[in-house]
2 protein chains.
Amino acid sequence: MKYIDKLRNSGLRPTKQRLQICKVLFDTEKTFHFTINELEHKIKEKIDNKISLATVYNTVHAFEKKGYLKQIPINSNQTYFDTNVTDHHHFYDLNDQRLIDLENSDVGPINIKKKINGKRIKSVEVLVKLED
Amino acid sequence: MKYIDKLRNSGLRPTKQRLQICKVLFDTEKTFHFTINELEHKIKEKIDNKISLATVYNTVHAFEKKGYLKQIPINSNQTYFDTNVTDHHHFYDLNDQRLIDLENSDVGPINIKKKINGKRIKSVEVLVKLED
DNA sequence: ATTGTTAGTTATAATTATTATAAACTAATT
DNA sequence: AATTAGTTTATAATAATTATAACTAACAAT
C-alpha cells in the first residue's frame, strides 16, 4: 500500500484510478519517458477497467505538481514527461524522435554565471540534439 | 538587396512576403525571441499589406530549415523561435513566462561524455528555469 | 517581351493536443 | 448515515498547427 501513503502524504486522495496509474508509472525496473498518448495505451494494456483521458491528464499534471513526474523541455507537438525526477539531462535523436537519458555524471557540472535579480534557479536542463 | 541574395543563395525565391518578413526578423539591433502569434502582430504593425498566417508559418519553417532561425526547446503551448542562431542558452522565467538569453560565456564549456553509436551531436542547449 | 513551368501565397478546412464544463460519483469527515 | 469536498467522466470547447486546392508571382527558355 505504498502508493496509498504516497498520495495521502501529498494531499491527493488515493483513488482507484490514481493507484492504477501509479502502478503503470512507478512499478517498473527502469524510469521512462512518455507522452499522454503513450501512457494511455500503456494503461489500456495493463488495466482492465477504462480510465478517462481527462483523468489521465489530470493525474499526470497532479503528479507533476507534486514532483513525482517531470516535464521534459523539448519542442514536439506532444508534451513529454519523465518518471525520472532526479537531476539529469537528455539526448534527443532528431531522426528517430527518441529521448535518451544523460546522467548528470555524463555532462559534468554546469556553472551558471549570470544572475537575474530576485529570481532563483529552479532547474538546469541540458538537451543534446543528435543526428545521423 | 542583401536579403534577396541571402534567399537566392539558399534556394528560396525572394518573394515580397519573405523579404518583408526578413526585415521584421533581421533588421534589428538586437536578436529576439518570438512565437508565430507575436510575429504576426509585429508584421501587422510594420507592414501595410496583409501576409497570410499560413505564409508566416511556411516562411518561419523555411527559415528554420535554412538555419536563419532556431527553435527554442521549451514546453509551452506555443513554439518559440530565436533570431539568434549562434550557440547559446536560455533562462526561462516560470513566473513571467519570459525567455532571457544566456551567452555561452555565462555557462562555460559543456562536456558531453556519453556517445551514441552512429549519431553525432547537432546542438547542446541549456535551459535554466527561474522562479521568484 | 511572351510563354510555360515551378514555387509560393492565400483563405479556409481539417487535424490534433489540451483544457473547460458540468453532472455523476466516491472518499473522507462529522 | 449524512455531509462535504475532491475526483472522475463524457463531452464540448479551444487553440496551435498542418493540409488542401485555387490562385499568383518568379524564373528560365524561347
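Per chain, numbering begins at 1; letters A, B, ... match sequence-line order. Fair warning: this is a prediction, and the values are worked out from it, not measured in the lab. Heavy atoms only: backbone and side chains are in, while hydrogens, waters and symmetry mates are out.
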Can you tell me the distance, in whole Å, between the [atom1] atom of [X] and the [atom2] atom of [N]?
X: A:Glu40; N: C:dA17; atom1: CD; atom2: P; answer: 11 Å
X: A:Leu7; N: D:dT8; atom1: CG; atom2: C1'; answer: 15 Å
X: B:Asn58; N: D:dT24; atom1: CG; atom2: P; answer: 18 Å
X: A:Asn75; N: C:dA17; atom1: CG; atom2: P; answer: 16 Å
X: B:Glu64; N: D:dT18; atom1: CD; atom2: P; answer: 10 Å
X: A:Tyr57; N: C:dA20; atom1: OH; atom2: P; answer: 12 Å
X: B:Ile36; N: D:dT17; atom1: CD1; atom2: C1'; answer: 9 Å
X: B:Arg13; N: C:dA7; atom1: CZ; atom2: P; answer: 7 Å

I'd like to know if [X] pairs up with [Y] as an ion pair, taking the criterion as any Lys NZ or Arg NE/NH1/NH2 lying under 4.0 Å from an Asp or Glu carboxylate oxygen.
X: A:Lys129; Y: B:Glu125; answer: yes
X: B:Glu131; Y: A:Arg120; answer: yes
X: A:Lys119; Y: B:Asp96; answer: yes
X: B:Asp106; Y: A:Lys115; answer: no

Counting side-chain heavy atoms from CB outward, which of [options] is closest to [X]?
X: A:Arg8; options: C:dA28, C:dG8, D:dT8; answer: C:dA28
X: B:Pro14; options: D:dA26, D:dT9, D:dT18; answer: D:dA26
X: A:Leu12; options: D:dT9, D:dT7, D:dT17; answer: D:dT7
X: A:Leu53; options: C:dA28, D:dC27, C:dT18; answer: C:dT18

Presence of [X] side-chain N/O under 4.0 Å of [N] phosphate oxygens OP1/OP2:
X: B:Arg18; N: D:dA26; value: no
X: A:Thr55; N: D:dT9; value: yes
X: A:Thr15; N: D:dT8; value: yes
X: B:His61; N: D:dT18; value: yes
X: A:Gln17; N: C:dT26; value: no

Exercise for review: Just call it for B:Lys50: base, sugar-phosphate, or nothing, with non-hydrogen atoms closer than 4.0 Å on any strand.
Suggested key: sugar-phosphate

Check your understanding: So what does A:Thr79 hit on the nucleic acid, given a heavy-atom distance under 4.0 Å: a base, only sugar-phosphate, or nothing?
Key -> sugar-phosphate

**Study point:** Partner of A:Asn104 under side-chain contact (heavy atoms from CB on, under 4.5 Å), chosen from A:Thr86, A:Val126, A:Asp87
**Key:** A:Asp87

Review point. Pick the nucleotide of DNA chain D nearest each of B:Lys16 and B:Asn37; which residue has the one closer to the 5' end?
Key: B:Asn37

